[in-house]
Amino acid sequence: MNKVVANAEEALRGIADNMTLMVGGFGLCGIPENSINALVKSGVKGLTCISNNAGVDDFGLGLLLQTKQIRKMISSYVGENAEFERQMLSGELEVELIPQGTLAERCRAGGAGIPAFFTPAGYGTEVAAGKETREFHGKMYVMEEWLRADFALVKAWKGDRLGNLVYKRTARNFNPMMAMAGTVTVAEVEHLVEPGEVDPDEVHTPGIFVQRIFQGSNYEKRIEQRTVRKR
Amino acid sequence: MALTKEQMAQRIARELKDGWYVNLGIGIPTLVANYIPAGISVELQSENGILGMGPFPFEGEEDADLINAGKQTVTLKDGAAIFDSATSFAMIRGQHVQLTVLGAMEVNDSGDIANWKIPGKMVKGMGGAMDLVASADNIIVCMLHTNKAGESKLLKQCTLPLTGVGCVKKIVSDLGVFDVTPEGFRLLERAPGVSVEEIKAKTEGRLVVEGLVPEMQV
């Protein structure tokens with residue numbers, strides 16, 4: 001078994017207009033930089049992107065907003081992106097905002113074959129509008145459905161030819177659940193290694209969830225809020 | 001005098017109990033970490049996937065792969081743990097986190113909170129706030145008592161889209177400390193030099209004042 005492809009362009013083969021994509025990362029941390037750049041070059045449009053955030057104006061998913069390749073965003077927080085706000089308020093971009101924990105669990109559910117679940121998040125708010133609610137043990141919950149995607153684009157620190165992935169620090173975030181929920185999951189890694197070089201006890205995403213893997217390059221890893229203390 | 005941001009954070013820090021896991025929201029709540037009382041040990045949870053979050057890094061030691069939920073560079077304490085977002089919210093929804101501290105644009109006297117959207121003007125999204133307020137047993141809201149126009153933010157009814165319903169237990173504003181009770185906001189402490197009359201005048205929601213209300217020690 002060999003899931004290795006040469007580069008992002010090859011890894012994204014089959015992505016077409018109007019598809020639904022999951023894109024890993026939290027803010028700019030742990031985003032699949034190479035895959036996003038290749039998406040911009042590919043020119044595919046009408047995309048629905050499921051991602052916790054929408055990047056910033058000139059980096060991450062913000063690049064795909066600048067080129068108007070995204071038709072709809074499904075996110076929990078989009079406050080760092082002026083172009084996003086402009087497109088949303090003008091109605092050019094469709095936006096569905098959902099609670100962060102619900103977003104994570106909907107991706108997990110999609111990958112785990114659980115079509116819906118109940119969560120207390122959003123009960124009594126506009127997030128629950130039109131959704132089934134039910135009482136369990138004296139508390140009210142909202143039914144939320146799974147999310148699945150034609151492609152899931154994730155970023156890991158290390159991965160082997162079989163697609164076993166290890167993430168680094170908080171660059172893990174949404175990547176493991178999204179890897180589970182993609183019909184085709186593309187993983188880009190900083191270090192592509194041979195089977196046996198990842199300790200089985202330390203695998204975060206087992207290779208079964210990954211269809212294509214490639215060695216990424218030129219990671220910028222931009223920091224959104226550089227915050228330091230005095231020595 | 002109304003409390004400064006630092007004094008509000010300091011006052012909230014006195015609510016911490018030894019052994020708690022605590023989630024601090026963005027803004028003033030983050031400052032609470034600077035005032036954890038001596039002899040009390042708490043672990044900070046950040047919903048992007050950290051338990052045991054440490055202070056900001058020294059200059060030159062920032063790691064782009066290690067940020068908090070406010071996207072700030074942070075460090076890890078010894079004994080920290082890293083996990084994915086689904087596990088993080090399992091901790092939150094599963095009520096394994098003992099205290100949540102977050103900011104608000106409005107609260108009402110039955111404990112509703114609004115902090116994620118101003119229709120037609122500002123839409124940043126709720127992030128993890130809806131999951132946090134729907135689940136935590138213990139929620140402290142840290143907020144300014146009035147808006148820039150001087151109007152009360154402690155209301156009978158919230159006017160903005162809600163983040164959660166009937167969930168706020170305690171409020172630390174720049175003017176005082178309040179419990180949210182079935183009878184309304186119960187005034188527990190006043191900021192130094194702030195009178196009960198001033199608080200009454202600046203609180204639109206139902207306010208309960210019983211006996212002499214002590215002045216806060218800061």
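Scope of the values below: all heavy atoms of this structure, side chains included, with no hydrogens, waters or symmetry mates. Numbers restart at 1 for each chain; the letters A, B, ... are given by sequence-line order, proteins then strands.
- For B:D18, the CG atom counts as densely surrounded, since its 6.0 Å shell holds more than 12 non-hydrogen atoms of other residues, nucleotides or ligands.
- Taking a cutoff of 4.0 Å between a charged side-chain nitrogen and a carboxylate oxygen, A:K221 and B:E62 do not qualify as a salt bridge.
- Atom CH2 of A:W157 and atom CG of B:D65 lie 10.0 Å apart (nearest 0.5 Å).
- Looking at B:E47, the atoms closer than 4.5 Å to chain A (heavy atoms on both sides) sit in the backbone and in the side chain alike.
- Using a 4.5 Å heavy-atom cutoff, the side chains of B:W116 and A:L97 are in contact.
- Residue B:E59 qualifies as open at atom CD: its count of foreign heavy atoms under 6.0 Å is 12 or below.
- Salt-bridge check for A:E85 with B:K124: failed, with every basic side-chain N at 4.0 Å or more from each acidic carboxylate O.
- Counting non-hydrogen atoms of other residues, nucleotides and ligands closer than 6.0 Å to CE of A:M143 gives a total above 12.
- In terms of the side chain to side chain contact (heavy atoms under 4.5 Å, CB included) criterion, residue partners of A:S217 (sequence neighbours excluded) are, by chain and number, A:N34.
- Most heavy-atom pairs under 4.5 Å with chain B, from the set A:S75, A:C29, A:C107: that is A:C29.
- Contacts of A:F174 with chain B are made by both backbone and side-chain atoms, with heavy-atom separations under 4.5 Å.
- Taking OG of B:S85 as the reference point, atom CE of A:M178 lies at 8.5 Å (rounded to 0.5 Å).
- Not a single donor-acceptor pair under 3.5 Å links the side chain of B:T73 to the backbone N or O of A:R226.
- In B:R93, the CZ atom is crowded: over 12 heavy atoms of neighbouring residues, nucleotides or ligands sit closer than 6.0 Å.
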Practice prompt. Evaluate side chain to side chain contact (heavy atoms under 4.5 Å, CB included) for B:D63 paired with A:K168, printing each intermediate quantity in order.
Written response: CA-CA 11 Å; B:D63 179 356; A:K168 190 162 160 259; 3.8 Å; yes
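- Per-residue heavy-atom pair counts under 4.5 Å with chain A were compared for B:G70, B:G49, B:P55, and the maximum is reached by B:P55.
- Side chains of A:Y77 and B:K71 form a contact here, defined as non-hydrogen atoms less than 4.5 Å apart.
- Ranked by non-hydrogen atom pairs under 4.5 Å with chain B, the options A:G124, A:G101, A:G122 are led by A:G101.
- By the ring-ring contact (aromatic ring centres under 6.0 Å, His included) test, A:F118 pairs with A:F136, sequence neighbours left out.
- Within residues 96-113 of chain B, no residue has any heavy atom less than 4.5 Å from a heavy atom of chain A.
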Worksheet entry | Pair B:M130-A:I98, side chain to side chain contact (heavy atoms under 4.5 Å, CB included): steps then yes or no | CA-CA 9 Å; B:M130 284 195 182; A:I98 57 184; over 6 Å; no
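- Heavy-atom distances place the side chain of A:V127, and not its backbone, under 4.5 Å from chain B.
- A:Q225 CD to B:F56 CZ: the interatomic distance, rounded to the nearest 0.5 Å, is 10.0 Å.
- Summarising the local packing, CD of A:E135 is surrounded by more than 12 heavy atoms from other residues, nucleotides or ligands at distances under 6.0 Å.
- In this structure, OG1 in A:T102 is found 8.5 Å from CE in B:M126, a value given to the nearest 0.5 Å.
- Proximity of B:F58 to A:R229: side-chain heavy atoms (C-beta onward) are separated by under 4.5 Å at one or more points.
- Of all residues spanning residues 157-170 of chain B, those with a heavy atom less than 4.5 Å away from chain A's heavy atoms are B:P161, B:L162, B:T163, B:G164, B:V165, arranged by number.
- For A:K230, the part lying near chain B is the backbone, with the side chain staying farther off; criterion is any non-hydrogen pair under 4.5 Å.
- Here B:I92 contributes atom CD1 and A:Q100 contributes atom CD; the two are 8.0 Å apart, rounded to the nearest 0.5 Å.
- Few gaps surround CZ on A:F117; more than 12 heavy atoms of other groups in view lie less than 6.0 Å from it.
- Chosen from A:R222, A:M177, A:E105, the residue pairing most often with chain B at heavy-atom distances under 4.5 Å is A:M177.
- A:M88 touches chain B through its side chain: at least one heavy atom from C-beta onward sits under 4.5 Å away, while N, CA, C and O do not.
- By the 6.0 Å contact criterion, CD on A:E145 is open, its count of non-hydrogen atoms from other residues, nucleotides or ligands being 12 or less.
- Both the backbone and the side chain of B:A69 come within contact range of chain A, judged by heavy atoms closer than 4.5 Å.
- Heavy atoms of B:L132 lying under 4.5 Å from chain A are absent altogether.
- Two residues are said to be in side-chain contact when any heavy atoms from C-beta on lie closer than 4.5 Å; B:K121 and A:L89 fail this criterion.
- Considering A:L28, A:N173, A:T170 as possible partners of B:I67, the one that fulfils the side-chain contact (heavy atoms from CB on, under 4.5 Å) test is A:T170.
- Using a 4.5 Å cut-off between heavy atoms, B:K117 touches chain A through its side chain atoms alone.
- Looking at B:F89, the atoms closer than 4.5 Å to chain A (heavy atoms on both sides) all sit in the side chain, from C-beta outward.
- Contacts of A:N175 with chain B are absent, with no heavy-atom separation under 4.5 Å from either backbone or side chain.
- Here A:R108 does not pair with B:D84 in a salt bridge; the nearest charged N to carboxylate O distance is not below 4.0 Å.
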